[in-house]
Amino acid sequence: MIRGCKAFNPQESRCAGESNPFFERAKSPLFTPRWSWFVSCVLSNALMYRSTSCNSLRKEHTGHSVTLAGWVNSRRDHGGVIFIDLRDREGLTQVVFRPEEHPQVAEAAHGLRGEDVIQITGTVVGRLTGSENLKLATGEIEVIASALTVLNKADVPPFPLDSKVANEDLRLSYRYLDLRRAEMTQNLKLRHRVAKSTRDFLDEHGFLEIETPILSNPTPEGARDFLVPSRLNPGSFYALPQAPQQYKQLLQVGGLEKYFQIARCFRDEDLRADRQPEFTQIDVEASFITEVEIQSLIEGLLKRIFREAKGVEIPTPFPRMSYAEAMDRFGSDKPDLRFGVEITSLTDIFQDTQFKVFRSVLDGGGVIKAINAKGAAGALSKEQLKKWEEWVKTELGAKGLAYIRLKDGEWESPIVKFFSEAEKAALAARMQFEDGDVLFFGADKHQAVSDVLGRVRLRVADLLKLTEGSTELNFLWVVDFPLLQFSPEDNGWAAVHHPFTRPKAEDMGLLEAGDYARVRAVAYDVVLNGVELGGGSIRIHERELQSKLFGVLGVNDEEQQHKFGHLLKAFSFGAPPHGGIALGLDRLVMLLCGADSIREVIAFPKNNRGVDLMTQSPVSVELRQLRELSISSTVKKA
RNA sequence: GGAGUCUUAGCUCAAUUGGUUAGAGCGCCGCCCUGUCACGGCGGAGGUUGCGGGUUCGAGCCCCGUAGACUCCGCCA
């Protein structure tokens, strides 16, 4: 069926210049220039499935003979002439079967169905005037088929591949079909582009890509580990790494100086739209580097990624905001600064209030704050405000959500009757309270008020569609995180970042004095539009300091030796000052794709229960396998 | 562990106040059709309304339970 074709004539291939499809092909990622020359000169097409991709042919290729292979994207069978949109990874090309020219081929084409895999050979022709399809990159040409080979027939797909599919369950069950959809292919291409830009950029900056073990040790703090039994060491377990944290620090002790890895990480926690049990981080660590240098490196990396993956120039350096300011003004350590609705302190205004609720909060050392939902009065009826209060109570554990709704000059509120005229006037002035606005109050301890109003702020933005249609890319460094946080559950101090994070030099006195709550860390998060892209820190490199920190975290000497002995010992052999960062690759690609779940940018993700619907993983295993691993299950078979 | 939303044909969705034989578009199958690109025309197949129970003369719709999907809280150093 496959015949020789003009394009494979070396003579012509040399002379045809710009109009030769091989030059076009040379630009296609499928074919390198060297290969196209080799292929065109040496091989006959009997040895190849295709001479070019389905997105490569243009008007200037008219007259060339080509061989294409791909999937039948759609067919338009007119009884006589038949049109097939042939699809491969790169795009679509219209193939025409004409009975008057190739009756047997056209006859065979009647039997083609969607997703059949075929190979065609034919001649590129310009489309009839007026029948060009501007929606297709190849829409000015078509290929008149002179030969057709059906490489594989396809069953009818369980869902359409050419439109949006809502049923994610079904998509994940047939992920290999879902991946054929242009949207998914684009997402994975973009993911590749991000990874490639990352490798290029970090390589150019002297970083070495080094792999660290997947079979590693359980982490005493942090997320639940995935455990892997060791057959050779009965009763012992590996853990899949939650992050390559300790290894990358040990690489610094090992003198590798600049390390990165596009690292798979594993956490056995509940899933979310932006959380999978296995995910990928761009993991970076370097020696003799300062906080500012890491931040500027990452700014450069993100600039490069957005330029090469998205064609967007992002301004650098990113603004910086302290954790304390972020919590104070926006009630979040990853504030979305694309909109205002800032949290404003009213504590001084209500200093002498007679309103019992505020009075007792203030007497107890709490604060009064509020946000102004500008123009939300129309969108928030009394019933809805009641629902918001219910939401705040049940989901956020707040005592309530006081509000004032200003509609037609009237202050509608259950609490405003307790305010004095002076308080009302000062309140209105500070909050720029105008007709149509709704004020939400938080009265509690500082942290609780920040948490609640931070969440209310986001819901207000959602209600008022403050970010809808926005193309703004608002990058931000949040810096000076607290080092430690008291955990009432464990009745002890826990690391906010992780136990290897360096305290700020100027706060070392506070650490010595045991004033743990006020010690700040040399830790930083990079935030984009309210999403945490990544975080890092300068680490502790001194054995004594690390040991002291472990002590503060409640890890006694014996446990330190047992769990972190290797690290402490390493630090005693001349560990260089070092620090790093990790960026969530999935989240980054998700934002670049405009997707609302990282499942959209992972080839084979798990569903909400951690199940791969395509392979049915995880599965139960034979008893024999468990015995081999010296493991018994307590699960009763149903 | 908790809260919410959802589940009707292969897919996306309808179905009035609880009332006849549960409909439409797309897809699929058959026939016709030589310039379409969301091809067109004619015809056809396709349903245990997630599952189980209850109320009722009568349930896709109301009630209870259960399963699953998704979103969120907890959790995620």
Side-chain angles (χ1 to χ4, degrees), chain A residues 73-86 92-101 103 106 110 113-115 125 127-136 138-139 142 144 155-174 177 219-225 242-243 245-246 265-277 279 387 390-397 451 455 458-459 462 481 483-485 487 489-490 493-501 521 523 532 535 537 549-550 553 555 582 584 596-597 599 607-609 611 613:
Chain A
N73 194 66
S74 59
R75 76 194 149 96
R76 294 174 293 282
D77 186 339
H78 289 253
V81 68
I82 302 160
F83 299 95
I84 295 286
D85 286 342
L86 190 63
L92 295 175
T93 298
Q94 174 164 282
V95 179
V96 189
F97 295 90
R98 302 172 75 168
E100 65 271 34
E101 289 169 30
H110 283 298
R113 292 294 181 272
E115 300 309 308
V125 301
R127 293 206 187 179
L128 301 176
T129 310
S131 73
E132 300 90 350
N133 186 347
L134 299 177
K135 292 181 207 156
L136 281 186
T138 59
E142 59 197 8
I144 309 288
D155 286 344
V156 177
F159 55 86
L161 303 186
D162 56 355
S163 59
K164 271 244 168 195
V165 190
N167 191 342
E168 201 180 4
D169 220 9
L170 198 64
R171 289 176 57 201
L172 289 178
S173 301
Y174 296 90
L177 292 180
T219 327
E221 294 181 60
R224 258 182 228 106
D225 289 309
Q242 297 178 27
Q245 182 60 35
Q246 291 187 44
C265 304
F266 305 85
R267 289 175 194 178
D268 187 10
E269 296 293 346
D270 286 7
L271 286 76
R272 289 277 199 286
D274 61 353
R275 253 194 261 161
Q276 284 273 303
F279 60 100
K387 278 185 185 165
E390 200 54 40
W391 162 70
V392 160
K393 280 181 181 169
T394 54
E395 257 185 39
L396 311 182
D451 288 347
R455 293 280 298 278
L458 291 179
R459 190 158 174 184
D462 193 45
F481 275 78
L483 182 72
L484 300 159
Q485 190 171 33
S487 162
E489 295 146 42
D490 307 324
W493 292 89
V496 168
H497 188 44
H498 57 52
F500 317 114
T501 306
E532 181 192 332
S537 63
L549 246 299
F550 282 141
L553 294 169
V555 187
D596 47 18
S597 160
R599 292 187 298 268
N607 76 357
N608 245 356
R609 274 186 313 146
V611 171
L613 291 171

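Please read all numbers here as calculations on a predicted model, not as lab measurements. The sequence lines fix the lettering, A, B, ..., with proteins before strands; numbering per chain opens at 1.
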Margin query: Expressed as a whole number of angstroms, how long is the span from A:D155:CG to B:rC29:P?
Written below: 11 Å

Margin query: What's A:A223 touching, base or sugar-phosphate or nothing? Going by heavy atoms closer than 4.0 Å.
Written below: sugar-phosphate

Notebook entry, point to check: Reckon A:N607 touches a base, only the sugar-phosphate, or nothing at all at heavy-atom distances under 4.0 Å?
Noted result: sugar-phosphate

Note to self: Closest approach to the side chain of A:E489, judged atom by atom: which nucleotide of B:rG35, B:rU34, B:rC75 is it?
What the structure shows: B:rC75

Margin query: Whole angstroms only, please: what is the CG-C1' distance between A:L177 and B:rG27?
Written below: 14 Å

Margin query: Does A:R267 contact B:rC76 through a side-chain donor or acceptor facing the base, at a distance under 3.5 Å?
Written below: no

Produce the list of close N/O pairs, under 3.5 Å, pairing protein atoms with atoms of nucleotides 12-14 of chain B; give distances to one decimal.
residue, atom, partner, partner atom, Å
B:rU12, OP1, A:N167, N, 3.2

Next item on the list: May I ask which nucleotide in the shown strands pairs with B:rG44, Watson-Crick or G-U wobble, both distances under 3.5 Å?
Entry: B:rC28

Check: Is any N or O donor-acceptor pair between the side chain of A:R455 and the base of B:rC72 shorter than 3.5 Å?
Finding: no

Checklist line | Whole-angstrom distance between B:rU16 and B:rU7, as gauged at atom P | finding: 14 Å

Note to self: Going by centres under 5.5 angstrom and planes under 30 degrees, do the aromatic ring of A:F159 and the base ring of B:rC11 stack?
What the structure shows: no

Margin query: According to salt bridge (charged side-chain N to carboxylate O under 4.0 Å, His left out), who are the partners of A:E168, at least two apart in sequence or on a separate chain?
Written below: A:R599

Next item on the list: Starting from P on B:rC37, measure out to CZ on A:F97 and report it in whole angstrom.
Entry: 18 Å

Check: Within the structure shown, what part of the strands sits under 4.0 Å from A:P160 by heavy-atom distance: base, sugar-phosphate, or nothing?
Finding: sugar-phosphate

Next item on the list: For A:R272, answer base if it contacts any base atom (sugar-phosphate contacts may also be present), sugar-phosphate if it contacts only those atoms, and nothing otherwise; contact means non-hydrogen atoms under 4.0 Å.
Entry: base

Note to self: Under 3.5 Å for both donor-acceptor distances, Watson-Crick or wobble: does B:rC51 have a partner, and if so which one?
What the structure shows: B:rG65

Margin query: Using the side chain to side chain donor-acceptor pair (under 3.5 Å) criterion, which residues pair with A:E269? Sequence neighbours excluded.
Written below: A:R224

Note to self: Base, sugar-phosphate or nothing for A:R599? Non-hydrogen atoms, less than 4.0 Å.
What the structure shows: sugar-phosphate

Note to self: Let's test this: given Watson-Crick or G-U wobble pairing with both distances under 3.5 Å, identify the partner of B:rG35.
What the structure shows: none

